[in-house]
Novice: 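The structure is given below, and queries will be raised subsequently.
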Number of protein chains: 2
Amino acid sequence: MLSAVKLAREIEAGTTSVRAVFETCAAAIAEREETISAFTHQALDQARKAAENGHGPLMGLPLAVKDNLDTADMPTAYGSQIYEGRTPAADAAVVALARRLGAGIIGKTVTTEFAFFEPGPTRNPWNPLHTPGGSSSGSAAGIAAGFFPLSLGTQTGGSVVRPASFCGIAGFKPTFGRLPREGLKIFSWSLDTIGVFGKGVEDAAFGAAALSGRNWRVDGASPAAPHIAVVHSHLWKEASGEMRQAVETAARLAEKAGAKVSTVELPGIFSDAFAAHQVIQDYEAALALGFEFDRHNVSLSQVLRETLAAGREIPPDNYDIAQDTARKARQNLAGLFKEFDVILTPSAPGAAPSGLGSTGSSIFNRLWTLMGVPCVNVPGLMSANHLPLGVQIVGPYGEDRKTLLAALWLEGLLRKQG
Amino acid sequence: MLSAVKLAREIEAGTTSVRAVFETCAAAIAEREETISAFTHQALDQARKAAENGHGPLMGLPLAVKDNLDTADMPTAYGSQIYEGRTPAADAAVVALARRLGAGIIGKTVTTEFAFFEPGPTRNPWNPLHTPGGSSSGSAAGIAAGFFPLSLGTQTGGSVVRPASFCGIAGFKPTFGRLPREGLKIFSWSLDTIGVFGKGVEDAAFGAAALSGRNWRVDGASPAAPHIAVVHSHLWKEASGEMRQAVETAARLAEKAGAKVSTVELPGIFSDAFAAHQVIQDYEAALALGFEFDRHNVSLSQVLRETLAAGREIPPDNYDIAQDTARKARQNLAGLFKEFDVILTPSAPGAAPSGLGSTGSSIFNRLWTLMGVPCVNVPGLMSANHLPLGVQIVGPYGEDRKTLLAALWLEGLLRKQG
C-alpha cells in the first residue's frame, strides 16, 4: 500500500518524482486490476500530467474518485446502467477542489448502484473470493491493492467505514457537511457524507485536511491517551465473536497504554434513532431518485426499486418524527461526549463476508452517520481467516481532529499487535 | 392572472379543458412575452400533451420551472453562458415530482446568473421599465403576466419573496428542506430553498402542498385571526416610507379584523445572524461553484467572480462561527414564536426599483432564509407609482400550514383594501 503522507513528503523533498509515483501505481494496477476490478475508468496519463503541473498540499498525488461523484473529463455512471457512458458538464465540488490542490484524478472507482445495495464487480484484495464492502467498493479496494494512495468515497449507511474495515485500510467520514457535496449523486440528503480513504489514519486525515482546509492533519502528531468509551449498542449481539474480541483487544491495549476505558450502554433513544435512519434514508431516496424510478424503472435493481417504492409510501409525518428523533439523539450524544473523548465500537459485524452478492451490513455505522459525527475505521487487527477486522472510533460533532488523533493513537497500538 | 386552485377545480369538474387552459397561457405569452422575457425555453405543446395525460393533484396544470433546476427534456443553463445549450441527463427531483402529479412543464424561466445577482432580461409586468426582482425573475413575472398559474423558484437570500413582492403575486418559501433539491444547481447548501409562486396565497399553497405531500392547502379555509408580531429588525430604517406604511396598513387592518398585533424588536443575536448569512453563503458558494471559478472564470460576471474569490478567503473557523450564530438565532426565534403566531415584516425595502441593472435588495429576506422558517409574500397593496408592495408573513419552523393560513387571512384584508 502507498502512504499519501510519505509520498507527499518525498515529492516535496524531490526524493521521488510524480512520474515514479504513477509508475508504481501503474505497475500495481497492471498486476491486479483484472482480478480486483476497482476502476470503472482509468486515466493514469491524464492524471500524471495534471499532477506534474499541480500546486498545493496534494501536489503530485494520484487520487481516485468514487463513481457517484461527477467528473467533467471522465464518464460518471453512478453504478447504474441508466447513466452508462454519460460524461457530466462539470466536476463535483470536491473533485474541483482536489484538482486545485494539485492532485491528479487517476480514475473513477466502482460504486454499488447509486451507492445503495446492489454490488459492483470489485473484489477484496486480501482474498478475491470476499467482498471489499460497499458502497465505496473500488475506492477502498484500490487503496488496499496499492493502486493509489488516496481516494474519495461516500457514506449514507456505512459505505466508508465498512469497506475500509473489510479492506484493512483507514476510512474517515468527517462531520456531516464538512466536504461539499455538489456534483454528488444524492441518495439521502440528510445522510450522504463524503469521506476519504488512505493506507493509515494519517493518510486519510492528510487528504481530508487538504480538501476541507481544516487542521485535521495528524501526521507527526504524538497524541495523548484518550478517554475511550466502549459502546455496546442494542446491536452488540449482532457482532461476530471475532469482532467483539477485536473491540476488546483494542480496549485492553488502549488501557495498557494509559487510556481510561469505560463501557457505555446507549439509552433507548439511540435504538429509536437507529430505526429512524432507515425512514429518513428511504423517504429521501424515493424523492432524490424520483426521475430514475419514474422514467427508468426497468433499469433499476430489484432491491432499489422495492426500496424506492416503499420510500414513497412513508408519510411526511413519519419522516418528520424520524428527523425529530435524530435531533434528540444528537443532543443526547453531545451530552454523553462530556464524559469521554471518543467511542470505540465495531466497524462492521465482522470481517468481509465471502461472495460478491452482498457488500455486507452497515448496522454498526448507520447510527453514527445519522448523528453526523466523525467516524474512522482503524485498521490493524486480523481475523482467523486472514482478513482485516477494523474497529471504529467515533468522535463528537465537529471535533474531527480530536477523533483522528484518537484513531491514530489506537492504530499505533493495533499495528504493533498485528 | 390565472388561479391554479380555480383551474384545478374547473379541470376536475370538466367545466374547462386542459387545452383551453394552455390556449389561455399561449395567448398571454403571445401578447407579452416579447416585452417580459420570462422564459429561457418554451414547451407549450409538449407540456399540454403531458398535462392532458396527467393524473394527480396538479392534473392538467401548466407549471414553469426556474432555469437553475434540471429538466431532462429542456435546456438548463443556470442563467450562465457556461452552460448554454446544455440538456441535463435527468429531471430535478421536484420536476420529476411535478410531472408525476400531473403537471405539464410549460417551460424554463429566467434566473439571474446561478441565482445570484447578475440579472437576466426579464421585465416587470406591472411596468416593463422596472425589475421583476430576482433571482427567480421569470417564474414571478410569468405568473403576474398570466403566462402560467404555477411556477417554481428558489431562495438563497430573498429570491422567492422579493420577486413575488415586486410582481404582486404570492411567493411561498417553505421550511428548509421540505422540497427536495436534487438537480438544483446549488449556490449555498445551507440556504437554497425551493419555493412556489401563484396568483394568491391559496395558489402557492396548493402547488407546494401537492409537491410536498403535506397538508398545506388553504383554499376554502376560513382561518381565525392570528396573533401577529410586527418585527422591527435593525434594518427597519432601510425600508422606504411607503413600505413602512404598507406594513403599518397591514397591521392596522389586521387589528381591526380581530388580530392581536404586537411590535417586537429583535435581540442582537439576529443582527449577528443577518451578518452570518453572508459568511455562510459566500463560503459555500466558493466551494459549490469551484469548478466554474477554476475552469470558466472569464465566463462569470464580475460580481460573481469577486464574490467567489472573497468566499475562498473565508477561514473555516469563521464559517463555523457563522453556523453557530445561526443555530443560536434559530433557538432564540423558536422561543420568540411562543409569544405570537407569525411575524409581519417587509417583503423588500420598497416596490420594484426602476431599471434592469439590479433585481433589488434581499436584506429583508436573508435572516428568515437562514432561520429556515416558512415565509410568504402577501400581495395586495400598491405604491404611489402603481407598483405592488408586498408584505411578508414569517412563521415558525415546520409550521408551514399555520404560516400559510395567516398569510391567506391577511391577504383577504389587503385585497379588500386594494
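Every chain is numbered from 1 and lettered A, B, ... according to where its sequence line falls, protein lines coming before strand lines. What you see is a predicted model, and the numbers here were worked out from it, not measured in a lab.
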Novice: Donor-acceptor pairs under 3.5 Å, chain B to chain A, main chain and side chains both?
Specialist:
{"unit_1": "B/R100", "atom_1": "NE", "unit_2": "A/D294", "atom_2": "OD1", "d": "3.4"}
{"unit_1": "B/R100", "atom_1": "NE", "unit_2": "A/D294", "atom_2": "OD2", "d": "2.8"}
{"unit_1": "B/R100", "atom_1": "NH2", "unit_2": "A/D294", "atom_2": "OD2", "d": "3.2"}
{"unit_1": "B/R214", "atom_1": "NH1", "unit_2": "A/D320", "atom_2": "OD1", "d": "3.3"}
{"unit_1": "B/R214", "atom_1": "NH1", "unit_2": "A/D320", "atom_2": "OD2", "d": "2.6"}
{"unit_1": "B/R214", "atom_1": "NH2", "unit_2": "A/D320", "atom_2": "OD1", "d": "2.8"}
{"unit_1": "B/D294", "atom_1": "OD1", "unit_2": "A/R100", "atom_2": "NE", "d": "3.3"}
{"unit_1": "B/D294", "atom_1": "OD2", "unit_2": "A/R100", "atom_2": "NE", "d": "2.8"}
{"unit_1": "B/D294", "atom_1": "OD2", "unit_2": "A/R100", "atom_2": "NH2", "d": "3.2"}
{"unit_1": "B/D320", "atom_1": "OD1", "unit_2": "A/R214", "atom_2": "NH1", "d": "3.3"}
{"unit_1": "B/D320", "atom_1": "OD1", "unit_2": "A/R214", "atom_2": "NH2", "d": "2.9"}
{"unit_1": "B/D320", "atom_1": "OD2", "unit_2": "A/R214", "atom_2": "NH1", "d": "2.7"}

Novice: Please rank B/A92, B/G183, B/P316 by heavy-atom pairs under 4.5 Å with chain A and give me the top one.
Specialist: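 Greatest number of close heavy-atom pairs with chain A: B/P316.
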Novice: Select, from A/A96, A/A288, A/P315, the one with the greatest count of heavy-atom pairs under 4.5 Å involving chain B.
Specialist: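 So the answer, after comparing A/A96, A/A288, A/P315, is A/A288.
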Novice: Given heavy-atom pairs under 4.5 angstrom as the criterion, report whether the side chain, backbone, both or neither of B/A72 touches chain A.
Specialist: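 The answer is the side chain of B/A72.
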Novice: Is it the side chain or the backbone of B/L97 that comes within 4.5 Å of chain A heavy atoms, both, or neither?
Specialist: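 Interface part for B/L97: side chain.
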Novice: With a 4.5 Å cut-off on heavy-atom pairs, point out which of B/P180, B/G290, B/A93 contacts chain A the most.
Specialist: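 Option with the greatest count: B/P180.
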Novice: Look at A/G213, A/P88, A/A89 and state which one has the largest set of heavy-atom pairs under 4.5 Å with chain B.
Specialist: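 The answer is A/A89.
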